[in-house]
Each structure stands twice: as structure tokens, then as C-alpha cells.
Amino acid sequence: MEKTNGNLLVKGTVFLVWAILLFAPFLFQDVRSTEVAARILVFIVLVSSYDLLIGYTGIVSFAHTMFFGLGAYGTAIALKTMGPSWSAVILGALIGLGISLVIALAVGLLSLRVKAIFFAMITLAVASVALVMASQLSGLTGGEDGITYRPPSIFKPAAKLLTDENGKVLRIFGVKMNGKIAAYYFVFFSSLILFCVMLRLVVSPIGSVLKAIRENEARAEAIGYRVVAYRTLVFCAAAAFASLIGSVYAVWLKYTGPDTVLSFAIMIDILLMVVIGGMGTMWGAVIGVVMMTLAQYYLRDLMGVVADATHNLPIVPELFDPDRWLLWLGLCFILLVYFFPTGIAGRLMAKGEPA
Amino acid sequence: MSLLSLTNMQTQIGEYHVLHDVSFDVSEGGVFVLLGRNGAGKTTTLRSIMNMWTPSKGSVKFRGKDISQMHTSDIARMGVAFVPEDMGIFGGLTVEENLVLATASGSFDPQRLERILELFPALKIFWNKQAMKLSGGQKQMLSVARAIIEPRDLILIDEPTKGLAPAIISGMRDAFAEIAQNTTILLVEQNLPFALSLGRDMAVIDDGHVVHTGSMKAFAEDNELQNTLLGLA
């Protein structure tokens, strides 16, 4: 790939996003902002791992939230039953990961030979079963209500990471060094490490093989690559990343339920984020996540401001009534897809390349 | 023992019986040319050897081992490279990525790479360019370079001169002559002068049957045979 302006712009933006996320608790000192930052971190891994499937290999799966949920529920159930400890987190994450890998391997080997549309339907069916099971096995999963539990003690809000000479929680730039900040950086570094591993994966020779398979399966086979094996491998890898970040999210939220980790609404969010950001770039996933999450959390507020500022005018305040935010979000999607059919990163990175 | 031996191979594509009876032996070293009219079954023969179309009857033996039911990717891993008519390169990947993909280890043998880039200097110039941006001749060079990036026992090449300018064809012939010193090439070709200048042994396919096998030298001298088999002057 050429080092071109569009390329640099996209990579620079992503770098900036990570830098802001690194200092987010200091830059935006309110609870909601930290929640949004943590959600962005979790979704960066979730959406990038989905990009491994849809963008790099051309596999359309609707079961990605299922793997996310398996990781989250594994950790949640372990924390609930074993009490708040690191061993519960690790054991729960490993169990979730193990189950995810077994299901991914089975679904992959049994059905990656079939046409893309049938594979998508099979994943949809498996994911629906998982969703039904999570709500029916209420003894284990808490059903529709989900599970609340306590995180390891270092993440408790009352935990003191650093103390001053009086034994009180130390403040750095006005931010309390307590369990909340520890939990945020746990999410931050988990997300950064997983994202870097995925980046490393796609620039390795395996990444080229995946792109070759996406482009033309028969040609990839003719030069010696077993397509089904590689597709199954990448399906398992994506499931593993989703499951691990699910476990991280469970520790952060201290609550796990169908709506936060399993619902099809999340699956649709993932799809939209990867399409808006640009498929097959990894960088695009980051941009898509940030834009969409910010819109979901702040578009309403922004519209409230606009409506207030224009309250003297006719119609305009009505149009920008905060209750109409979904309409505007939908309009934004349509415009984005129209002007950036290959996603924001896809468009910018292609534009810089000389013809 | 022949390197490649086809015995009564038959191939059906859907309801069409394309190959009825294809038998010939390719011995080790040099260029073996497969001639025939359009639609005679030359490309299907190559694709059947790679098991991209599965032969319905007969055997395909490579070094004495029947490969007719083996997976395409495993046949490639055994050391059989295929340069298809459409060149089979990956347009979205760079020249370098295309070549790396064809190596078993993911890294190049530097001396071998250097020799290949001497043979096809254009590839060096466009090393980091997407392959879709290459010209037709350059794509063909990339496709051949990919086939020889590692030592192979047998290279199947389908109509490499199609649509190329005469100057490029002449360069291609020299490259093939050099490649054939260390490996075996099974070449499908319609360009008779090109085939005559390279081939050692040859076979003619017509309507799914092998109708003639022999040495290229004898075929080159026999104008009458050429006329009857190929309908050429």
C-alpha cells in the first residue's frame, strides 16, 4: 500500500482516537463520558474482530454477539458463583472462550462450505438459540433480568489505588485514583492489546491469504491454500476476540444481561459500524465505532441545544426536537452510505492512491 | 517413470462430456506442448489435472501417485503450479503479496527472487503496486513469476501468449526456455511458432480425444500432419 494522504489521515485519526481514549478519564471527568469511552473501547475490538470476518474474508455472520455474550456470561457467572476475585475472572473468561471456540469450530467446519447466504442463515439460527437459552436458563443466567455481581476488589469504587499522606485517595488533575480508574485502564489496555494483535494478524502472511480468499477462492486453492480451513480459522479467531472482550465488558459493567451483550440490536450496531467505518481496513472499524457511539449518546443532546437555540423560529425547533433523534440518525446513515459506499476509511484510503 | 501420466482421463462439466479419452505421458524436463483447436479440451485437461474439474474416469498420476481425487490445494502443495489463461492473480493485492502467497514459508529465496526479477524487470518497478494496475503482459509475467517463485516439479501454463504484443512474446519465450532447464512445463498454446520453438514433446487434442503424440521436431517437419490435425496452413 502506498503511503498517501488519505491513508495518513485515517491512521492519524485512529491514533488520535487512541490518544484521547488513553487520557479520557482526565479529559472528560463525568461518569457518562467514562461510560461512553469504555463502550467505545469494547466495541473497537468487537467491530474489528467482525471486520476480520466480513471485511477480510467475506464471511457474513450474525453470531458475533453470541461469542461476545459467551465471554461476558462466562465471566459474570464465575464472578457470581465464586465471588469477586481474579481467578473467577480468568476462569470465567477461559470457559467462555472455550465454549466459543468449540461452537465456532463446529459451525465453521460444518457450514463454511455452503454458500454465503446459507452460512449467514445458520449463524442467525445458532445465535437465536443462544439468545433463547440465555433467557430461559434463568437459574444460571438470570434470565431476562441478567446477573449483577461484584468485580475483583481492585475495581471497587472504594478501592484506593494511590493514597496521599493522610491515607485518602490521591487525586491527579482532580481525578480520584480509585477502583473506577483502575477498571477503565483495565478495559483500555485489554482493548489496545487485542486490537494490536488483530492488526498484527492482518499484516502477516495470513492476512494476505485471507484477502486472496476474499478475492477469489478458486485461485487461492490453485496456489495451495485450503479455503475451508482458513475460513474456519478466521471464524474461530474472530469468535475468540469477541469472547475475550465480552469478558472484559462484563468486568466493567458489573452486570450482564441479554440486552447488553446478546441482543440482535448489538449485532445490527456492529454491522452498521463496520459498514460506516469501511470494511477490510481495521482502521475503519475504529472510526465507525467512534462516530456511531458518539451519535447514539450525544445526538440527542446536540439536537436539544439546536432546538433551544432556534426556539423563536417556526418549524425548525420542531424538526430538531430531541425526541426525533432516531430520524436524524437514520438520515445520517443514508447520507453516509450514499457518499461513502465503501465506508469512511475505505473511501479515504482509496482516494489517496494514484490511479 | 514419467513425471505426469494421464490414462483414459474423462471429464464432464455438468451435462457436457468434454474430455472423452485423454492419455499422454509427460517425461521429466523440458516443455511438453498441448495443441488443439479452440474448444478441443486443452484447458479442461489442465484444470482436470489440478482437480479443479474432477475427472469422472481414468487416472492422473504424478510421480506414480494417483492425484485425480486429491484436493486442488494439496496438488499445488505437491509442487504443481498452474498459470491459468486468465492469469489467476489477485488484483487487490500488491505484486509482492501475490508472490509471497505462492511461497510455502512466507519468505523469498533472495537469489531466486533476484533471477526472477531479472527475467521480468517490470515486476521490480511495480513491486508495491496493486496487481490490477498492471498491463496484460505484466500480469502474465506476474503469473509466471508466481509459478516459479519456488522450485516446482511441474508447471501447467495455459495460453500465455494470448493477447500479448510480439516483443513481449519473444521475451516470454526466452524466459520459458530458461525455466524449462530446471523444471518441466506442460504448455497449452495456440501460437504455433511459439510452441514449435519451445516444445520437446507434444500431443494434439481434438474434440476431447488425444489424436496424436510425438516429438515436436517430427511434428514441425510434417506440414501435412499439421494441416490435418490443426487445420492450419
Side-chain angles (χ1 to χ4, degrees), chain A residues 1-4 6-8 51-52 54-58 109 112-113 200-234 278-282 284 342-343 345-347 349-355, chain B residues 46-54 70-108 126-133 139 142-143 145-150 152 155-158:
Chain A
M1 283 288 152
E2 308 270 324
K3 289 263 180 291
T4 51
N7 226 326
L8 280 178
D51 195 23
L52 280 181
I54 196 167
Y56 280 85
T57 329
L109 284 178
L112 275 170
R113 292 165 200 276
R200 180 72 193 82
L201 188 71
V202 298
V203 297
S204 74
I206 291 181
S208 304
V209 177
L210 298 182
K211 281 189 266 181
I213 290 173
R214 176 185 62 188
E215 200 169 299
N216 195 317
E217 288 176 28
R219 289 176 183 182
E221 299 226 313
I223 60 169
Y225 294 100
R226 189 70 79 103
V227 168
V228 172
Y230 274 90
R231 292 182 141 206
T232 307
L233 176 80
V234 80
M279 289 190 276
T281 59
M282 282 288 135
T342 53
R347 175 73 185 270
M349 289 170 106
K351 211 173 185 180
E353 253 190 32
Chain B
L46 293 192
R47 293 181 66 95
S48 300
I49 293 169
M50 290 304 289
N51 200 6
M52 296 167 95
W53 301 119
T54 304
M70 275 175 71
H71 197 268
T72 300
S73 62
D74 294 333
I75 296 172
R77 294 260 164 209
M78 284 177 81
V80 183
F82 180 39
V83 180
E85 196 177 348
D86 65 4
M87 300 156 205
I89 56 174
F90 299 102
L93 304 187
T94 64
V95 169
E96 180 185 13
E97 285 173 319
N98 268 282
L99 290 174
V100 168
L101 279 177
T103 61
S105 63
S107 60
F108 297 116
F126 298 109
W127 188 244
N128 286 316
K129 279 265 188 306
Q130 280 187 311
M132 66 173 82
K133 288 171 184 152
K139 282 181 185 155
L142 175 58
S143 189
R146 196 174 65 177
I148 57 171
I149 192 73
E150 293 205 330
R152 314 273 184 214
I155 304 177
L156 315 177
I157 308 181
D158 198 358

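Predicted model only: the values in this text are computed from it and were never measured. Throughout, protein chains are lettered first and strands after them, A, B, ... in sequence-line order, and every chain is numbered starting at 1.
- Contact annotation: the side chain of B/F90 never approaches that of A/K211 to less than 4.5 Å [non-hydrogen atoms, C-beta and beyond].
- Closest heavy-atom contact between A/A212 and B/L101: CB-CD1, 3.5 Å.
- Top candidate by heavy-atom pairs under 4.5 Å with chain A, chosen from B/G91, B/P84, B/G88, B/A76, is B/G88.
- For A/E215, the part lying near chain B is the side chain, with the backbone staying farther off; criterion is any non-hydrogen pair under 4.5 Å.
- For chain A, the option among B/N98, B/N51, B/I75, B/D86 with the highest count of heavy-atom pairs below 4.5 Å is B/D86.
- For A/R231, the salt bridge (charged side-chain N to carboxylate O under 4.0 Å, His left out) test picks out A/E217, with sequence neighbours left out.
- Separating the CD1 atom in A/I223 from the CD1 atom in B/I89 is a distance of 11.0 Å, to the nearest 0.5 Å.
- Between B/M52 and A/E221, every side-chain heavy-atom pair lies at or beyond the 4.5 Å cut-off.
- Residue B/S107 does not touch chain A at all, counting heavy-atom pairs closer than 4.5 Å.
- B/D158 meets the side-chain hydrogen bond (donor to acceptor under 3.5 Å, both in side chains) test with B/T43; sequence neighbours excluded.
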